[in-house]
K.L.:
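The structure under discussion is supplied below as structure tokens; questions concerning it will follow.
Computed from a prediction, not measured in an experiment: that's the story for all the values here. Quick note: numbers below take in every heavy atom, side chains included, and nothing from hydrogens, waters or symmetry partners. Chain identifiers are assigned alphabetically (A, B, ...) following the order of the sequence lines, protein sequences preceding nucleic acid strands; residue numbering begins at 1 within each chain.
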Number of protein chains: 2
Amino acid sequence: MTEKKENIIQAALDLFAQQGYHATSTSKVAQQAGVSEGLIFRHFGNKEGLLKAIIALGEERLRSLYADVVLETVPKKTIEKALRLPFSVPESEYDFWRLQYKLKWELPEHTSNKMEPLRVALTNAFQKLDYASPEMEAEFLIHFLDGLGSGLLKNDVAQKEKLLEYLMKTYKV
Amino acid sequence: MTEKKENIIQAALDLFAQQGYHATSTSKVAQQAGVSEGLIFRHFGNKEGLLKAIIALGEERLRSLYADVVLETVPKKTIEKALRLPFSVPESEYDFWRLQYKLKWELPEHTSNKMEPLRVALTNAFQKLDYASPEMEAEFLIHFLDGLGSGLLKNDVAQKEKLLEYLMKTYKV
DNA sequence: AAGTTTTGAGTAAGTAATCACTTATTTTTT
DNA sequence: AAAAAATAAGTGATTACTTACTCAAAACTT
């Protein structure tokens with residue numbers, strides 16, 4: 001991975017996040033990266049190839065974000081870590097995650113369901129804690145976390161600490 | 001509102017929903033609507049004007065969707081109606097709502113926070129029912145409903161009836 | 001080690017197609 | 001006949017992508 005290739009990815013990350021994939025031209029990406037436009041096509045084949053590189057990056061970072069929750073064996077801690085997950089993302093990374101959310105809607109065909117391992121881990125945790133409907137409990141929580149993540153990225157969540165406090169109390173963790 | 005103008009809106013609705021706003025050209029909209037391209041600009045001024053007409057339509061339909069929940073005075077029923085809301089949307093309208101979700105990410109500047117009246121209604125309902133933290137309870141539920149809506153539109157929800165059942169039990173409504 | 005060949009990174013200047021939008025004119029409605 | 005609705009045929013700008021080329025470093029040959 002040469003320096004200029006990394007510059008291209010970083011520029012595309014920035015511009016796709018700000019304006020969206022379709023609204024960003026390859027010439028703008030080249031300009032922001034300080035690179036000739038042709039180099040984008042040498043390295044990535046076409047515009048979609050550049051996008052796929054970025055999506056792959058997102059999936060990798062999502063996996064490593066989940067890893068801590070999924071590998072946890074103590075059920076209460078699994079749930080606690082899941083609840084803390086959306087709040088644990090630093091604001092400096094919001095642009096990056098906003099792009100991933102955006103792409104889920106802009107290009108649904110590229111979107112694998114990355115939530116699955118998290119759902120399994122939560123279902124197991126609720127089961128071990130003798131919840132009546134572990135599967136539904138996990139499904140419920142997954143949708144909440146998805147909605148909360150979306151809300152945080154859009155700055156739609158007013159009192160983060162109070163909400164986290166409430167969650168800890170509700171789930172007794 | 002002439003027939004051709006309605007055709008334009010319907011075609012734009014379909015195409016924007018399928019491919020996104022930026023990926024859809026005015027010429028394609030005209031073609032699908034069976035109309036000359038110039039007519040779009042006569043009626044809507046520019047492409048963004050057409051988009052705004054569609055956004056206004058979405059806000060109106062969202063308001064009427066919420067109305068039943070917001071106007072309900074019996075607290076338990078407010079909550080029940082809110083929980084049923086995402087499931088009450090017929091699949092034939094999924095394209096329309098998918099577009100609204102998509103636009104929230106693609107053009108956040110055009111997106112007012114339409115959830116506010118629902119949040120107020122839910123907070124009041126939880127308060128009347130003597131919940132310990134009515135505000136947080138409402139916030140929690142709003143994010144869940146948002147995530148659930150997103151999940152339903154992406155066909156990410158496996159057992160809808162079972163989930164609704166679980167919700168009714170959990171909230172005792 | 002010196003000389004030769006190959007390769008991969010990079011660029012400048014194109015390409016045809018498509019973009020949002022305009023203008024002049026014709027058709028339809030009232 | 002006046003006004004409104006609709007169209008056909010354009011406009012320059014921008015799109016994703018290609019072509020023909022340079023240059024430096026790596027690999028191979030002697």
Side-chain angles (χ1 to χ4, degrees), chain A residues 1-58 99-100 102-111, chain B residues 1-58 99-100 102-111:
Chain A
M1 179 83 75
T2 66
E3 192 190 335
K4 299 221 169 183
K5 189 174 179 186
E6 275 184 12
N7 287 350
I8 292 172
I9 289 185
Q10 189 55 52
L13 221 43
D14 291 350
L15 292 174
F16 290 177
Q18 280 168 36
Q19 324 176 8
Y21 170 70
H22 286 295
T24 303
S25 66
T26 49
S27 81
K28 291 267 171 58
V29 173
Q31 187 184 327
Q32 168 126 346
V35 141
S36 70
E37 195 179 356
L39 192 60
I40 293 176
F41 295 91
R42 160 154 298 268
H43 281 309
F44 302 98
N46 53 29
K47 194 186 175 188
E48 198 186 351
L50 173 57
L51 177 68
K52 281 183 180 170
I54 284 175
I55 288 177
L57 206 71
L99 174 57
Q100 301 299 129
K102 201 178 290 196
L103 291 177
K104 279 206 297 184
W105 287 103
E106 205 169 348
L107 309 140
E109 65 275 13
H110 283 291
T111 315
Chain B
M1 177 84 72
T2 68
E3 192 192 333
K4 300 223 169 184
K5 188 173 178 186
E6 276 184 12
N7 288 350
I8 292 172
I9 289 184
Q10 189 55 52
L13 221 43
D14 292 350
L15 292 174
F16 289 178
Q18 281 169 36
Q19 325 176 5
Y21 170 69
H22 286 295
T24 303
S25 66
T26 50
S27 80
K28 291 268 170 58
V29 173
Q31 188 183 326
Q32 168 126 346
V35 141
S36 70
E37 194 178 356
L39 192 59
I40 293 175
F41 295 92
R42 171 178 171 77
H43 282 308
F44 302 97
N46 52 30
K47 193 186 176 187
E48 198 185 352
L50 173 57
L51 177 68
K52 281 183 181 168
I54 283 175
I55 289 177
L57 205 72
L99 174 58
Q100 300 301 128
K102 201 179 288 197
L103 291 176
K104 280 205 299 185
W105 286 103
E106 202 169 350
L107 309 140
E109 65 275 15
H110 284 290
T111 315

K.L.:
Measure CD/B:E3 against C1'/D:dA6 and give the value in whole Å, please.
P.N.:
13 Å
K.L.:
Tell me the side chain to side chain donor-acceptor pair (under 3.5 Å) pairs involving residues 40-51 of chain A, sequence neighbours left out?
P.N.:
A:E48-A:H110
K.L.:
Which of residues 11-21 of chain B sit near DNA chain D, with a heavy atom under 4.0 Å from it?
P.N.:
none
K.L.:
Residues two or more places apart in sequence or in another chain: which of them pass side-chain contact (heavy atoms from CB on, under 4.5 Å) with B:K102?
P.N.:
A:W105, B:E106
K.L.:
Mind running a 4.0 Å heavy-atom check of residues 23-37 of chain A against DNA chain D and sending the residues that fall below it, in number order?
P.N.:
A:T24, A:S25, A:T26, A:S27, A:E37
K.L.:
Please list every donor-acceptor pair under 3.5 Å in which a side-chain atom of residues 1-18 of chain B meets a protein atom from a residue at least two apart or in another chain.
P.N.:
residue: B:T2; atom: OG1; partner: B:K5; partner atom: N; Å: 3.2
residue: B:Q10; atom: NE2; partner: B:D14; partner atom: OD1; Å: 3.2

K.L.:
Whole angstrom is fine here: how far is it from CD1 in B:I40 over to C1' in D:dT7?
P.N.:
13 Å
K.L.:
Considering only heavy atoms of chain A and a distance under 4.0 Å, specify the first and last nucleotide of DNA chain C in 5' to 3' order that meet this criterion.
P.N.:
C:dA9 to C:dT11
K.L.:
Rounded to whole Å, please give me the gap between NE2 in B:H43 and C1' in D:dT7.
P.N.:
12 Å
K.L.:
What is the separation between atom CZ on A:F44 and atom C1' on D:dC17, rounded to the nearest whole Å?
P.N.:
16 Å
K.L.:
So how far off straight is the helix from C:dA1-D:dT30 to C:dT30-D:dA1, going by the axes through five pairs at either end, to 10°?
P.N.:
30°
K.L.:
Distances under 3.5 Å only, N/O to N/O: pair up the protein atoms with those of nucleotides 21-27 of chain D.
P.N.:
none

K.L.:
Can you tell me how far P of D:dC17 sits from CD1 of A:I8, to the nearest Å?
P.N.:
14 Å
K.L.:
According to the side chain to side chain donor-acceptor pair (under 3.5 Å) rule, which pairs have a member within residues 25-41 of chain A, sequence neighbours left out?
P.N.:
A:S25-A:S27, A:T26-A:E37
